[in-house]
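One structure is given below, encoded as structure tokens.
These numbers come from a predicted model, not from an experiment. Any value given below was found using the heavy atoms of this structure, including those in side chains, with hydrogens, waters and symmetry copies removed.
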Amino acid sequence: MKIDKKEVLKALEQITVPGEGQNMVESGAVKNVQIFGDEVEIDVTINNPSLQARKKTEVEILKVIHAEVYQKAKIKINLKVEASSAKPKANEIKGKAIPGIQNIIAVASGKGGVGKSTVTANLAVTLAKMGFKVGLLDADIYGPSMPIMFDVVHEKPLAVNVGGKSKMKPVESYGVKMLSIGFFTQPNQAVIWRGPMASKALNQMIFDAHWGELDFMLLDLPPGTGDIHLSIMQAMPVTGAVIVSTPQEVALADAKKGVAMFQQDSINVPVLGIAENMAYFTPAELPENKYYIFGKEGAQRLSEDLKVPFLGEIPLVQSIREAGDVGRPAALQTATPIEAAFEELTKNVVQEVVLRNKSLPPTEAIKITTMAGCSAVKKK
């Protein structure tokens, strides 16, 4: 049987390059394909030097050609490893952008309990109110809260056919497209997964979903600086990061680590700024009074010390908590101080994204090929 080279290349498009989010034809890993009757000779170059990656690549090539092209094809694979030694330029990150998604913003915090998810949810709906096309990925695998905050706890993503492939259709609420591990688990079910399994679930929600055209994709990251953060930044071209903190020293100490993580040489994601949540308490009956329960302007001073923008302050107001619990983000409350605070924060985030895109090259997904990505940041 005479094998068609086009069919071989089409089959190889189903294989993802180890360590990257692209198929091996798009990435340029397939250097050459030669056909001699029922014999196929393929030249492949990968960047991952591990034996596991090499074996996995060879097995997948054999399997897909036998399954999709010709069952009795005789296949010879010339596999070459070409580890990249070039050091990334300042503010330049390796990888390729995801088609259709213009800007990806990671919302992070050094510690839990500072209201990061609440800020993310209200930032998303405010962007949607401004007319932007918005997506939200709930990347907090172990504590997904977005289904509750958007009143879609009982919703399930539907399957849609896109280009002959089955994709997840994100759940939409208040003009925001959303995916969360919470859609795939029972409300009382604990997610007890090791890091690799959690990372695989995130990759599926990123690459196996039909997000469509988005101006902004928000990532609600889990607290801390760990495995999920690295997995996300390896998979997605993060445009910039927003750090959420409360004003007290305990939270600010961890916020510093959050900023330091994104600024590490091996990660190098621009920090768009710091947002101060629970900045002050104002009683409903005394709207002019401000009580600084957790300290005054701590995040603002931290932003000055770290030389990153201060994005705004959100007050500690009971209705913000209540709105999140009933599934209608507080920023949707029109003509209120809460709406004004979130609008100010959102405008500053958009402004910083515009400035970042003017002054820096397009962000691409990082490649972490050594343990350097997990090392402590050296103090200068």
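- No salt bridge links Asp151 with Arg328; every basic N to acidic carboxylate O contact stays at or beyond 4.0 Å.
- The closest donor-acceptor contact from the side chain of Lys307 to the backbone of Glu304 lies at 3.5 Å or more, if one exists at all.
- Using a distance-only test at 3.5 Å, with no hydrogens or angles considered, no donor-acceptor pair links the side chain of Ser117 to the main chain of Ser145.
- Note that CE of Met149 and OG1 of Thr120 are 8.5 Å apart. Values are rounded to the nearest 0.5 Å.
- For the pair Leu62 and Ile77, the minimum side-chain heavy-atom distance is below 4.5 Å.
- To the nearest 0.5 angstrom, Glu13 atom CD is 6.5 Å from Glu26 atom CD.
- Taking the side chain as every heavy atom from C-beta outward, Val152 and Phe183 approach each other to under 4.5 Å.
- Among the candidates Val30, Asn23, Val64, the single residue satisfying the side-chain contact (heavy atoms from CB on, under 4.5 Å) test with Ile15 is Val64.
- A distance-only check finds a donor-acceptor pair linking the side chain of Lys116 to the backbone of Leu221 [under 3.5 Å].
- Proximity of Lys72 to Asp38: side-chain heavy atoms (C-beta onward) are nowhere separated by under 4.5 Å.
- Two residues are said to be in side-chain contact when any heavy atoms from C-beta on lie closer than 4.5 Å; Leu79 and Ile46 meet this criterion.
- In terms of hydrophobic clustering, with Ile, Leu, Val, Met, Phe, Trp and Tyr side chains grouped at heavy-atom distances under 4.5 Å, Ile42 and Leu9 are assigned to a common cluster.
- Cluster partners of Tyr292, by chain and number: Tyr280. The rule joins Ile, Leu, Val, Met, Phe, Trp and Tyr whenever side-chain heavy atoms lie under 4.5 Å apart.
- Here the CG-OG1 distance, from Leu123 to Thr346, works out to 4.5 Å after rounding to the nearest 0.5 Å.
- Summarising the geometry, atom CD1 belonging to Ile104 is positioned 9.0 Å from atom CG belonging to Leu214; distances are rounded to the nearest 0.5 Å.
- When the salt bridge (charged side-chain N to carboxylate O under 4.0 Å, His left out) test is applied to Glu339, the partners found at least two apart in sequence or on another chain are Lys129.
- Each of Val350, Asn122, Asn277, Leu311 was evaluated against Leu345; a single residue qualifies, Leu311, per the side-chain contact (heavy atoms from CB on, under 4.5 Å) test.
- Other residues, nucleotides and ligands contribute more than 12 heavy atoms inside 6.0 Å of the CD1 atom of Ile75.
- Phe132 and Phe216 have perpendicular rings, their planes meeting at more than 60° on a 0 to 90° scale where under 30° would count as parallel.
- Not a single salt bridge (charged side-chain N to carboxylate O under 4.0 Å, His left out) links Asp305 to another residue, sequence neighbours left out.
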One pair to check against salt bridge (Lys or Arg N to Asp or Glu O under 4.0 Å): Asp43 and Lys80. What are the steps and the verdict?
CA-CA 8 Å; Asp43 297 332; Lys80 181 181 177 185; over 6 Å; no

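- Contact annotation: the side chain of Thr282 never approaches that of Val317 to less than 4.5 Å [non-hydrogen atoms, C-beta and beyond].
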